[in-house]
**Student:** 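Right, I'll just put the structure down here and ask away after.
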Amino acid sequence: MAVSENQLSGALPAEQVTCFESGNEMAATAAAQINYHMMGYFPITPSTEVAQYLDQMKARGQHDIQLVAADGEHGSAGICYGAAMAGARVINATSSQGFLYMLEQLPTQSGTRFPMVLNLVTRAISGPLDIRGDHSDLYYGLNTGWVILTASTPQAVYDMNIMALRIAEHSEVRLPVIVAYDGFFTSHQKRKVKYFKDNSVVQGFVGPNPNHSYPNVSDPSRPVTIGAHMGGDDLLNNHYQLSEALEKAGEVYSEVARDYALMSGREYKVLDLYRMEDAEYALFLLNSAGETAKDTVDQLRAKGIKAGLIRPNIIRPFPAEQLRAALKNVKALLVGERADSYGAQGGNLIHEIRSALQVDPDNNTIVLSRIFGLGGKDFYADDAAAFFQLTIEAAGMGYAEKPFDYYGYYPGEEKDAHAPVMEPLHGNAYKTGLIQVTQSEETGLLKVKLPPLRQLTVKPHRLAPGHGACPGCGALSALELFFKGIEGDMVVLFQTGCAYVVTASYPYSSHKQTFVHNLFQNGAATLAGMVDAFYELKRRGEIQVADDVTFVMVSGDGGMDIGMGATVGAALRNHKMIILEYDNEGYMNTGSQLSYSTPVGHMTSTSGVGVAQKGKKGHHKDTAQILAACNIPYVFTGAESNPQDLLQKAAKAQWYANNAGTAYGKILCACPLNWKTPDDQGNELVKAAVDSCFFPLYEIEQGITRITYNPEDKGKRIPAVDWLKRMGKTKHLVKDAGLLQDFENEIERRWSRLKLRHEHELL
């Protein structure tokens, strides 16, 4: 319940511990103390750390949250919704495109009134890709029916995560809640914070789980139907009830904030009003920028300028009444937003503020809109001073000369244009004539004739030097080797991942031929559209280019998890292209989280090793066999340790892609940084994985399986432990006899089945 001011001032907060932590750490701390039932998650920068910290705590036995690694953010949202429907308490964290990918699910959850808490670590929306923080993802959530809290500091992230659950579960709200905080500014920067020493204090504040008393799927004696379709009359009633609940959430927020202040000594009012009591000039800023501007307010006040700041702690429901009261005597207000509503002459919040003031006939505040700080562009005290200067000028003139504008942009100049450092290569530059591919008239299968490898060194690299890959990165060297087997021009699409990030950062590119980037989940579909359009344009005579252009999609870093749906779709349609996966056994580009390609027992940043868990649960996904089940013409596995084998397969993949349909290849690539190995041992480690039969080399050509390198026949097979003991991520596994035996049994099972397929063409 709410308390009065005198009660608040006399209350003694519960015992707390002072530390120095980041926003992501504090979100995880709050979740662990609450001890949620479930977290369905998927890694994306900069929110990934929340799951990582929770996994580390789980390994130490600090909480019982079931962490479920999803196939993508859309899947993670489904996992969370399903858990909420079962009556569980649910937490999640995401950012940017991940938030958009789960967006379809969010109105479903609010419309059926199942609570949960989602930490949205705000980040710029692509394209082009930028991993730093603005609010362009947050604004997509404004119409989802979720309560939205905004946390400006790591302390606020912790406090609001605790408050959010109680708001979500309130009997008059029953809605999911977003806690939004700035990517990298708040998520990663460490600040002095306090957290409750005793978890029972937090658990006592949020109270016992009330969800069991509401309809849910966990009680067979009370069957329920959830999500049945509605006609217009019923849907209107449903949405009216949701609207009323969201409005009620504003009142509940104030009550919960006052109760939390009694317990913590920290109160988060609906609006953080900084020196607004007599302000004539004010800024309205979300989150961390608001904290920055407070220093500027103090500086202006010292000069006699009546400056003030408004920073909301909740934006859904929108605090219109409180805002009108705060702006009663303000001459000019500048609303700074880290996102635009394109074509609307301002971001979303400027229009809501103007609407709020429109119904107050006594308000004469001049309101300006400025878009700033996109893509994580820093916001300094001087920038806040420039904003205040605009309000002072507008107040002096009695109107805003330029009501809407972007702040901080600049026109390019011809003198600053970058010139290419090398001439583009195409056509004959990549044709050596040294690789010959012929089709057997008898069997229809391909035969490849390769020259000595030394002769292929004359073929130019597809990637220029100067990329930013880590020392010893196996992905780029393996890709370059594979590309040696491709004759002629190539169009390559990289899904998001290390190989993309380190080779193309505007205004620079390491790609010598046409290169495209698209997101994790949609690379195969994008390239499929590109390929079919290319051939259709050629058919109509609208373009005149050679017939031997090869289209290649490069995936890796777990891309065959989130991107599997689009990949299977492209394979089933059998587009003329190569899908190439470099398998480094994790999401290395976001911090080495577990992927479905991570082997059992291997340590990643979300499959930690400790008293309560021993690395990843479950065996790795056999992507090659999944693609083979799509009946595409050619599937293969390859490794840089066996260069001639890989080059032959590259030549076959090109022939099939240009003549028959989809070819898929999986290449094992070392990642020294996250495998925890010396930089110069990648090739040896990959060879050990091949020789242990963990990563067998084979091809499936027109449905016929053939092992292309058999270490048993050559007397080179080694025990899996000889590979595992050389990597820091698996040293613990070597000491666990039971887990090691399970790992070796799975290798033997898959290898035995592969040998049977090799021996019997019909398998």
Side-chain angles (χ1 to χ4, degrees), residues 19-34 39 41-57 67 73 76 91-102 117-126 129-141 148-164 177-195 268 285-292 311-313 315 338-339 373-379 496 501 587 589-593 605-606:
C19 60
F20 200 66
E21 304 287 8
S22 68
N24 282 345
E25 287 172 304
M26 295 313 292
T29 299
Q33 290 187 309
I34 291 170
M39 180 183 189
Y41 72 92
F42 188 81
I44 183 170
T45 304
S47 63
T48 302
E49 285 188 334
V50 178
Q52 290 178 192
Y53 290 131
L54 281 170
D55 183 80
Q56 292 168 13
M57 295 176 186
L67 301 171
E73 290 89 356
S76 79
I91 184 81
N92 199 358
T94 194
S95 301
S96 186
Q97 242 70 24
F99 184 62
L100 266 62
Y101 193 31
M102 64 171 61
V117 175
L118 170 64
N119 283 274
L120 177 58
V121 187
T122 61
R123 187 188 111 183
I125 289 293
S126 176
L129 182 70
D130 190 307
I131 67 166
R132 292 161 295 184
D134 64 28
H135 297 153
S136 50
D137 51 1
L138 170 61
Y139 279 20
Y140 280 93
I148 301 177
L149 312 184
T150 54
S152 60
T153 64
Q155 183 67 69
V157 171
Y158 173 76
D159 296 332
M160 288 189 176
N161 262 274
I162 296 170
M163 293 164 56
V177 178
I178 290 170
V179 178
Y181 55 97
D182 291 350
F184 291 107
F185 295 113
T186 305
S187 64
H188 285 61
Q189 292 179 2
K190 291 180 179 286
R191 300 274 293 273
K192 182 180 177 181
V193 293
K194 292 183 177 181
Y195 66 91
Y268 296 89
L285 297 168
L286 288 186
N287 284 356
S288 60
E291 297 298 312
T292 300
R311 188 189 54 73
N313 284 314
I315 58 173
R338 288 187 184 268
L374 301 187
K377 183 175 172 62
D378 287 324
F379 181 74
T496 307
V501 171
Y587 290 96
N589 64 305
T590 51
S592 184
Q593 296 80 27
S605 60
T606 50

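Residues: numbered from 1 along the sequence shown.
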**Student:** For Arg132, enumerate each residue passing the side chain to side chain contact (heavy atoms under 4.5 Å, CB included) test, keeping only those at least two apart in sequence or located in another chain.
**Tutor:**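 Scan of Arg132 (side chain to side chain contact (heavy atoms under 4.5 Å, CB included), adjacent residues dropped) gives Asp130, Phe184.
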**Student:** Between Tyr268 and Asp159, does the side chain to side chain contact (heavy atoms under 4.5 Å, CB included) criterion hold? Intermediate values first, please.
**Tutor:** CA-CA 9 Å; Tyr268 296 89; Asp159 296 332; 2.4 Å; yes
**Student:** Is Ser76 close to Thr94 at the side-chain level, that is, under 4.5 Å between some pair of heavy atoms?
**Tutor:**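 No; the side chains remain at least 4.5 Å from each other.
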**Student:** Under the criterion side chain to side chain contact (heavy atoms under 4.5 Å, CB included), I'd like the reasoning laid out for Glu49 against His188: C-alpha separation, chi angles, the key distance, then a yes or no.
**Tutor:** CA-CA 9 Å; Glu49 285 188 334; His188 285 61; 3.5 Å; yes
**Student:** Ser136: which residues meet the side chain to side chain contact (heavy atoms under 4.5 Å, CB included) condition with it, sequence neighbours left out?
**Tutor:**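 In terms of side chain to side chain contact (heavy atoms under 4.5 Å, CB included), with neighbours along the sequence ignored, Ser136 is linked to Ala124, Ile125, Asp134, Ala339.
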**Student:** Provide the closest heavy-atom pair for Gly376 versus Phe185 in the form atom of the first, atom of the second, distance.
**Tutor:**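 Result for this residue pair: O-CZ, 3.4 Å.
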**Student:** With no hydrogens and no angle check, is any side-chain donor or acceptor of Ser95 less than 3.5 Å from a backbone partner on Val121?
**Tutor:**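 Flag set: sc Ser95 to bb Val121 pair under 3.5 Å.
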**Student:** Verify side chain to side chain contact (heavy atoms under 4.5 Å, CB included) between His135 and Asn287, making sure each step is shown before the conclusion.
**Tutor:** CA-CA 10 Å; His135 297 153; Asn287 284 356; 4.1 Å; yes
**Student:** For Ala93 versus Leu118, what's the shortest heavy-atom pair and its separation?
**Tutor:**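 Nearest pair, atom of Ala93 first, then Leu118: N-CD1, 3.8 Å.
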**Student:** List in chain and number order the residues that pass side-chain hydrogen bond (donor to acceptor under 3.5 Å, both in side chains) with Ser96, two or more places apart in sequence or in another chain; answer none if no residue qualifies.
**Tutor:**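 Ser96: side-chain hydrogen bond (donor to acceptor under 3.5 Å, both in side chains) contacts with Arg123.
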**Student:** Look up atom CZ in Arg311 and atom OG1 in Thr150, then write down how far apart they are to the nearest 0.5 Å.
**Tutor:**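 So the gap between those two atoms works out to 6.0 Å.
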**Student:** Could you grab the distance from atom CG of Leu54 to atom CD1 of Ile91, nearest 0.5 Å is fine?
**Tutor:**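 So the CG of Leu54 and the CD1 of Ile91 are separated by 8.0 Å.
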**Student:** Shortest non-hydrogen contact from Met26 to Lys194?
**Tutor:**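 What the structure gives for the nearest pair is CE-O, 4.2 Å.
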**Student:** Test of understanding: with salt bridge (charged side-chain N to carboxylate O under 4.0 Å, His left out), list the residues that count as partners of Asp137, not counting sequence neighbours.
**Tutor:**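 Checked Asp137 against salt bridge (charged side-chain N to carboxylate O under 4.0 Å, His left out); zero matches.
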**Student:** For residues Ala27 and Asn119, report the shortest heavy-atom separation together with the two atoms involved.
**Tutor:**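 Scanning both residues completely, I find the closest heavy atoms to be CB-OD1, 3.8 Å.
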**Student:** To check you understand the geometry: which heavy-atom pair defines the closest contact between Ser126 and Leu129, and what is its length?
**Tutor:**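 So the two residues come closest at OG-N, 3.5 Å.
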**Student:** Closest approach of Met160 and Asn313, non-hydrogen atoms and distance?
**Tutor:**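 For Met160 and Asn313, the tightest heavy-atom pair comes out as CE-OD1, 3.4 Å.
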**Student:** Quick check for you: to the nearest 0.5 Å, what is the distance between Ile178 atom CD1 and Thr122 atom OG1?
**Tutor:**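 Answer for the CD1-OG1 pair, Ile178 versus Thr122, is 11.5 Å.
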**Student:** Partners of Thr153 by side chain to side chain contact (heavy atoms under 4.5 Å, CB included), sequence neighbours excluded?
**Tutor:**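 For Thr153 the side chain to side chain contact (heavy atoms under 4.5 Å, CB included) partners, ignoring immediate neighbours, are Gln155, Ala156, Arg191, Glu291.
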**Student:** Considering residues at least two apart in sequence or located in another chain, which fulfil the ring pair (Phe, Tyr, Trp, His ring centres under 6.0 Å) criterion with Phe42?
**Tutor:**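 Only Tyr587 meet the ring pair (Phe, Tyr, Trp, His ring centres under 6.0 Å) criterion with Phe42.
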**Student:** How many angstroms lie between atom CD1 of Ile315 and atom CG of Leu286, to the nearest 0.5 angstrom?
**Tutor:**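 The CD1 atom of Ile315 sits 5.5 Å away from the CG atom of Leu286.
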**Student:** Using the side chain to side chain contact (heavy atoms under 4.5 Å, CB included) definition, which of the options Leu149, Val50, Val177, Val117 pairs with Asn161?
**Tutor:**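 Among Leu149, Val50, Val177, Val117, the one meeting side chain to side chain contact (heavy atoms under 4.5 Å, CB included) with Asn161 is Val117.
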**Student:** Not counting sequence neighbours, which residues clear side chain to side chain contact (heavy atoms under 4.5 Å, CB included) with Ala51? List them please.
**Tutor:**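 Side chain to side chain contact (heavy atoms under 4.5 Å, CB included) list for Ala51, sorted by chain: Met39, Tyr41, Thr606.
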**Student:** Taking only residues two or more places apart in sequence, or in another chain, which ones meet Ser288 in a side-chain hydrogen bond (donor to acceptor under 3.5 Å, both in side chains)?
**Tutor:**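 Result, side-chain hydrogen bond (donor to acceptor under 3.5 Å, both in side chains) vs Ser288: Asp182.
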**Student:** With sequence neighbours left out, what residues match Lys190 under salt bridge (charged side-chain N to carboxylate O under 4.0 Å, His left out)?
**Tutor:**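 With sequence neighbours excluded, Lys190 shows a salt bridge (charged side-chain N to carboxylate O under 4.0 Å, His left out) to Glu21, Glu25, given in chain and number order.
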**Student:** List the residues meeting side-chain hydrogen bond (donor to acceptor under 3.5 Å, both in side chains) with Tyr139, not counting sequence neighbours, and say none if there are none.
**Tutor:**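 For Tyr139 the side-chain hydrogen bond (donor to acceptor under 3.5 Å, both in side chains) partners, ignoring immediate neighbours, are Glu337.
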**Student:** Who pairs with Thr29 by side-chain hydrogen bond (donor to acceptor under 3.5 Å, both in side chains), at least two apart in sequence or on another chain?
**Tutor:**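 So Thr29 forms no side-chain hydrogen bond (donor to acceptor under 3.5 Å, both in side chains) with any residue.
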**Student:** Please report the interatomic distance SG(Cys19) to OH(Tyr158), rounded to the nearest 0.5 Å.
**Tutor:**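 Taking SG in Cys19 and OH in Tyr158, the distance rounds to 9.0 Å.
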**Student:** Phe379: what forms a ring pair (Phe, Tyr, Trp, His ring centres under 6.0 Å) with it, not counting sequence neighbours?
**Tutor:**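 Partners of Phe379 by the ring pair (Phe, Tyr, Trp, His ring centres under 6.0 Å) criterion, ordered by chain and then number, come out as Phe372, Phe387.
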**Student:** Using a 4.5 Å cut-off on heavy atoms from C-beta on, say whether the side chain of Val193 contacts that of Phe20.
**Tutor:**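 No, side chains not in contact.
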